[in-house]
Amino acid sequence: MTTRIVLVRHAQSVPPRFGVPDDDQRPLTPAGMEAAKSLAGRLTAYEPAAVLSSPQLRAVQTVTPAADALGLAVTTWSELREWESGPLPSADWEARYAHSWARPGSVHGAGESLDALTLRAGKALARMAEEYPDVTVLVGSHGTFLARALMAAGHAVDWAFWRSLPMPAVYEVMG
């Protein structure tokens, strides 16, 4: 048997403020909270043995309703955090992201390359498979992390796929 990993992109969050470092405590919007609550039934149907999340609040808030319904705690792993793209949030973020997707080894400032994120995501999936063998694990994270984790698991993912990811989104991989 193998570990089934259910990756969940967080629901709609409050947008980051341009020109200042992103806030790890940036929450879901009221509509995002409702979406997370609505998603709980779908996520509990997977019957996960554990609920993991990025430590960033918007990811934790997305999987908490399912964890609560299952009577499970949400365990945060720092390696599940969003891509550390480098520059401060700004209006031209999409052009920078497109550049990074076209050149995944490139780095903006002190940020992390997409290749490095893919490696981090792959290691996180391997850790899940090792720590939670033969069960289902629910994982709350972020769009770029989710896309790069799918790539690390061997799925074909590109810029267009990433841009079309809804909030929230749910994908399964085997670890």
Can you find a pair of side-chain heavy atoms, one from [X] and one from [Y], that are under 4.5 Å apart?
| X | Y | value |
| --- | --- | --- |
| Arg4 | Met174 | yes |
| Glu131 | Trp77 | yes |
| Val51 | Leu43 | no |
| Pro48 | Leu70 | yes |

Working for side chain to side chain contact (heavy atoms under 4.5 Å, CB included), residues His108 and His99: CA-CA 10 Å; His108 299 277; His99 177 270; 3.8 Å; yes
Over all heavy atoms of both residues, which pair between [X] and [Y] is shortest? Give the atoms and the distance, please.
| X | Y | answer |
| --- | --- | --- |
| Ala153 | Leu125 | CB-CD1, 4.1 Å |
| Val60 | Ser54 | CG2-O, 3.2 Å |
| Leu150 | Phe161 | CD1-CZ, 3.7 Å |
| Gly32 | Ala11 | O-CB, 3.3 Å |
| Leu88 | Val20 | CD2-C, 3.6 Å |
| Ala147 | Trp162 | CB-CD1, 4.0 Å |

Side chain to side chain donor-acceptor pair (under 3.5 Å) contacts touching residues 31-53 (sequence neighbours left out): none
Residue of the set Leu138, Asp68, Thr62, Val63 for which side-chain contact (heavy atoms from CB on, under 4.5 Å) holds with Val74: Val63
Qualifying residue for side-chain contact (heavy atoms from CB on, under 4.5 Å) with Ser113, from Val107, Thr118, Leu119: Val107
Residues forming a salt bridge (charged side-chain N to carboxylate O under 4.0 Å, His left out) with Arg26, sequence neighbours excluded: Asp22
Test item: [X] side-chain N/O and [Y] main-chain N/O as donor-acceptor pair under 3.5 Å:
| X | Y | answer |
| --- | --- | --- |
| Gln12 | Ala31 | no |
| Arg81 | Ser78 | yes |
| Thr3 | Tyr132 | yes |

Test: Glu112 and Arg120 ion pair at under 4.0 Å: yes
Co-membership, hydrophobic cluster, residues [X] and [Y], 4.5 Å side-chain:
| X | Y | answer |
| --- | --- | --- |
| Leu7 | Val157 | yes |
| Leu117 | Leu52 | yes |
| Phe145 | Leu57 | no |
| Leu146 | Val6 | no |
| Met151 | Leu80 | yes |

Arg127 atom CZ: more than 12 heavy-atom contacts under 6.0 Å: yes
Other residues, nucleotides, ligands: >12 heavy atoms within 6.0 Å of Glu130 CD: no
Distance under 6.0 Å and angle within 45° of ring axis: Arg148 vs Trp83: no
Arg103 to Trp159 six-membered ring, cation-pi geometry met (6.0 Å, 45°): no
Candidate pair Leu114 and Tyr97, rule side chain to side chain contact (heavy atoms under 4.5 Å, CB included), full reasoning: CA-CA 10 Å; Leu114 284 176; Tyr97 273 47; over 6 Å; no
Hydrophobic cluster (4.5 angstrom, side-chain heavy atoms) - remaining members for Met33: Leu28
Steps toward side chain to side chain contact (heavy atoms under 4.5 Å, CB included) verdict (Lys123, Glu79): CA-CA 9 Å; Lys123 287 179 179 180; Glu79 61 260 50; over 6 Å; no
Interatomic distance, Arg58 atom CZ to His10 atom NE2 [nearest 0.5 angstrom]: 4.5 Å
Interatomic distance, Gln61 atom CD to Thr29 atom OG1 [nearest 0.5 angstrom]: 9.5 Å
Test log, rule side chain to side chain contact (heavy atoms under 4.5 Å, CB included), inputs Tyr171 and His155: CA-CA 11 Å; Tyr171 291 88; His155 298 272; over 6 Å; no
Flag for Asp92-Ser90: side-chain donor and acceptor within less than 3.5 Å: yes
